[in-house]
Amino acid sequence: MTDKDLRPTWLVRLHDWRVQHVSDKMFLLILAFLVGLLSAVAAYVLHGLINVIVDLLTGRFQTDSYNWLYLVYPVIGIYLTSLFVRYIVKDNISHGITRILYAISSNRSRLKAHNTWSSVIASAITIGFGGSVGAEAPIVLTGSAIGSNLGKLFRLDNKTLMTLVGCGAAGAIAGIFKAPIAGLVFTLEVLMIDLTMASLLPILVSCVTATCFTYIFSGNAVLFSFHLDSDWTVERVPACILLGIACGLVSLYFIRTMNACEDMFARFKDKPYVKLALGGLILSTLIFIFPSLYGEGYHSINLLLNGRTEADWNQLLDGSMFYGHSEYLLLYIGLVLLTKVFATSATNGGGGCGGTFAPSLFIGCFTGFFFSRLWNIHQIGVYVPEKNFSLLGMAGVMSGVMHAPLTGIFLIAEITSGYNLFMPLMIVSVASYLTIIIFEPHSIYGMRLAKQGRLVTHHTDHAVLTLMNLDSVIDRDFQAVDPDMELGQMVHKISRSQGAVLPVTDAAGTLLGEVNIQRIRHVMFRTELYHHFMASQLMMEPAAVLSDDTPMTQVMKTFERTQADWLPVLDANRHLKGYISRKRMYDMYRKMVHDMSQD
């Protein structure tokens with residue numbers, strides 16, 4: 001029975017009808033439309049669930065004093081999420097965008113079916129109960145999983161699957177923020193989907209579809225509202241440059257602290273209740289002291305973006321022990337800025353589910369306000385409006401954390417209609433990006449994969465090698481010999497071998513050496529020597545040894561260094577898995593370069 005026969009009859013008939021009546025390009029556009037629609041639905045459902053949970057839990061909280069329930073809700077949220085993931089999902093769904101990058105580079109753009117819904121439920125519980133993370137990464141993972149599974153349903157090739165994964169991610173961003181251009185740019189910058197005519201149009205279709213349906217679902221309401229009070233002037237260029245540098249340094253602090261906290265929680269990988277206790281304690285304590293850290297923090301962002309007077313900005317202190325002490329507003333903002341990363345790390349480390357997209361916007365907004373308020377207090381130069389610089393800070397930190405300056409520029413411009421600030425947005429984003437790359441060459445999403453050599457980039461050669469699967473080029477049809485085998489018996493093995501070497505292994509399959517067939521030709525045809533030589537006398541060390549997790553970039557460099565035609569591949573126990581042929585690897589490489597370049 002073929003794989004096709006295992007599919008439902010209606011799906012087989014639909015596939016056959018599609019092949020006859022709909023071209024591949026048109027079918028891809030239809031799927032892009034569906035991906036955009038479903039991504040918008042997922043984003044609407046997730047934000048609806050979060051708002052319902054938040055209203056139920058905090059709707060009656062007092063604003064003029066602290067609330068003890070802030071110490072309880074986050075722990076309950078993390079615990080419920082961890083139970084859901086452990087007993088229902090039974091899979092790791094954290095680091096959503098990193099998982100997409102891994103799927104593109106190492107899993108042929110295939111995401112699991114549960115990713116189409118599991119992140120929505122898990123992140124809604126986490127964020128609704130106060131988890132200090134964002135809903136964007138879970139929705140991006142959901143959209144990408146929708147695209148990937150639709151492609152798998154219709155047995156599409158890997159290249160088309162990659163495009164559909166990009167459509168899902170772009171549609172998710174476009175739907176969440178009603179920002180179609182930002183969705184497109186995010187996919188190109190962060191997911192490294194190449195901008196070709198074959199991929200551009202489907203991604204645009206997905207972005208526009210998701211944006212339109214989000215307007216249908218939620219009306220003209222925007223995530224962030226912003227009204228420009230003061231036009232940008234060229235005298236503010238120095239302030240914008242310094243803000244960009246500050247955002248770059250804050251991004252560095254965010255990335256390094258996040259990684260350090262994740263490493264700390266990773267020590268308790270097999271102790272979920274220890275992680276829950278530690279993460280819950282840190283998170284609930286921080287939220288109790290700084291209620292602005294509760295959930296995504298978009299309410300606090302809107303306060304900073306729309307405040308006109310001190311009374312407006314002092315609303316940040318509501319529900320905290322700082323209430324009524326407006327003189328501590330700047331201190332409060334600075335402390336929130338520093339502790340947000342710990343709250344985010346504690347949420348995910350303790351067992352919650354959420355992303356770093358919203359935290360980077362939150363920290364950026366607080367950074368911009370903090371910077372501009374200090375600038376104006378000390379009268380360093382011309383006056384800078386705090387609300388404008390809060391907006392610029394959002395673009396700056398996002399550009400630094402994600403290594404995506406274009407995404408920062410277009411996203412902030414689109415979601416706030418702040419197109420009049422396009423020039424300072426560019427200055428701050430570029431300055432932040434140029435600052436962060438001095439210290440961190442990869443984004444917070446890509447740095448884990450970059451360390452493993454599995455990050456796809458826009459560099460064609462590197463991208464092809466990353467996408468190549470080591471397992472697919474291993475030749476397992478080898479004729480192994482034991483060290484005590486005589487030359488006469490080896491000749492029979494050589495007659496059945498397709499390679500240029502015979503591996504010498506022990507009884508457990510451990511590689512001891514290899515016999516180069518070319519080098520034993522002077523004795524191979526002399527029958528009188530068949531009982532005089534054994535494999536152990538004729539074998540030699542291989543030119544190099546590869547492990548089964550060696551990145552393809554390193555495999556290519558090893559072949560270039562050794563000039564070998566065949567190299568053995570060993571597993572973690574040094575058992576021989578097979579050989580890689582230099583010719584076969586280069587043939588596959590040339591084919592993939594051709595496929596990637598034909599558009």
Side-chain angles (χ1 to χ4, degrees), residues 43 134 136 140 169-190 195 200 203-204 206-208 210-212 214-215 218 220-234 236-237 239-241 243-244 246-248 251 296 298 301-302 304-307 357-369 371-372 384-434 443:
E136 291 75 21
V140 170
I173 294 296
I176 292 170
F177 297 108
K178 296 181 179 177
I181 299 176
L184 171 66
V185 175
F186 172 85
T187 303
L188 301 178
E189 274 194 309
V190 178
L195 183 60
L200 175 61
I203 293 175
L204 280 175
S206 183
C207 289
V208 172
T211 304
C212 290
T214 302
Y215 273 106
S218 60
N220 293 323
V222 293
L223 205 55
F224 305 116
S225 57
F226 175 79
H227 300 285
L228 184 66
D229 291 337
S230 175
D231 291 331
W232 180 77
T233 60
V234 72
R236 292 175 184 159
V237 169
C240 290
I241 294 175
L243 174 61
C247 287
S251 301
E296 295 173 291
Y298 286 164
I301 291 177
N302 276 309
L304 293 180
L305 293 181
N306 294 290
F357 204 109
S360 66
L361 290 175
F362 181 93
I363 291 177
C365 187
F366 275 62
T367 299
F369 187 92
F371 174 90
S372 57
V384 295
E386 282 96 343
K387 57 185 297 185
N388 289 11
F389 270 62
S390 298
L391 185 72
L392 299 177
M394 293 169 68
V397 173
M398 174 176 285
S399 300
V401 170
M402 299 184 184
H403 281 45
L406 290 177
T407 301
I409 294 167
F410 283 102
L411 179 65
I412 303 306
E414 282 191 289
I415 63 179
T416 61
S417 298
Y419 289 101
N420 292 330
L421 293 176
F422 222 79
M423 181 59 71
L425 280 172
M426 288 191 287
I427 294 173
V428 172
S429 296
V430 171
S432 175
Y433 176 71
L434 292 178
S443 71

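The chain is numbered in sequence order, starting from 1.
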Roughly how far apart are [X] [atom1] and [Y] [atom2], rounded to 0.5 Å?
| X | Y | atom1 | atom2 | result |
| --- | --- | --- | --- | --- |
| Leu406 | Tyr433 | CG | OH | 10.0 Å |
| Leu391 | Phe224 | CG | CZ | 10.0 Å |
| Phe371 | Cys240 | CZ | SG | 8.5 Å |

Residues in side-chain hydrogen bond (donor to acceptor under 3.5 Å, both in side chains) with Ser218, at least two apart?
-> Lys178
Checking ring-ring contact (aromatic ring centres under 6.0 Å, His included) against Phe410, which of Phe186, Phe422, Phe177 comes through?
-> Phe422
Main-chain N/O of Met398 paired to Ser360 side chain as donor or acceptor, under 3.5 Å = no
Could you tell me whether the side chain of Glu296 and the main chain of Ala358 form a donor-acceptor pair under 3.5 Å?
-> no
Can you list everything that forms a side chain to side chain contact (heavy atoms under 4.5 Å, CB included) with [X]? Sequence neighbours excluded, please.
| X | answer |
| --- | --- |
| Ala431 | none |
| Ser429 | Ala395, Ser399, Pro405, Ile409 |
| Pro180 | Cys207, Thr211, Glu414 |

Begin with the C-alpha distance, continue with both residues' side-chain angles, and end with the deciding distance and a verdict on side-chain contact (heavy atoms from CB on, under 4.5 Å) for Val430 and Leu434.
-> CA-CA 6 Å; Val430 171; Leu434 292 178; 3.8 Å; yes
Mind jotting down which residue pairs meet the salt bridge (charged side-chain N to carboxylate O under 4.0 Å, His left out) criterion with at least one end in residues 384-402? Sequence neighbours excluded, please.
-> Asp229-Lys387, Arg373-Glu386
Residues which pass ring pair (Phe, Tyr, Trp, His ring centres under 6.0 Å) with Phe366, listed by chain and number, not counting sequence neighbours = Phe362
For the side-chain contact (heavy atoms from CB on, under 4.5 Å) test, which of Ile412, Leu421, Asn302 pairs with Phe226?
-> Leu421
Can Leu392 and Trp232 be said to form a side-chain contact (heavy atoms from CB on, under 4.5 Å), step by step?
-> CA-CA 11 Å; Leu392 299 177; Trp232 180 77; 5.7 Å; no
So which atom in [X] and which in [Y] form the shortest heavy-atom distance, rounded to 0.1 Å?
| X | Y | result |
| --- | --- | --- |
| Val384 | Ala239 | CG1-CB, 3.9 Å |
| Gly396 | Cys247 | C-CB, 3.7 Å |
| Ala210 | Gly171 | CB-O, 3.1 Å |

Close side-chain approach of Val234 to Val237, heavy-atom, < 4.5 Å | yes
May I have the step-by-step check of side-chain contact (heavy atoms from CB on, under 4.5 Å) for Ile173 and Phe357, ending in yes or no?
-> CA-CA 10 Å; Ile173 294 296; Phe357 204 109; 3.8 Å; yes
Decide side-chain contact (heavy atoms from CB on, under 4.5 Å) for Leu200 and Leu184; before the verdict, give the C-alpha distance in whole Å, the side-chain angles of both, and the deciding distance to 0.1 Å.
-> CA-CA 8 Å; Leu200 175 61; Leu184 171 66; 3.9 Å; yes
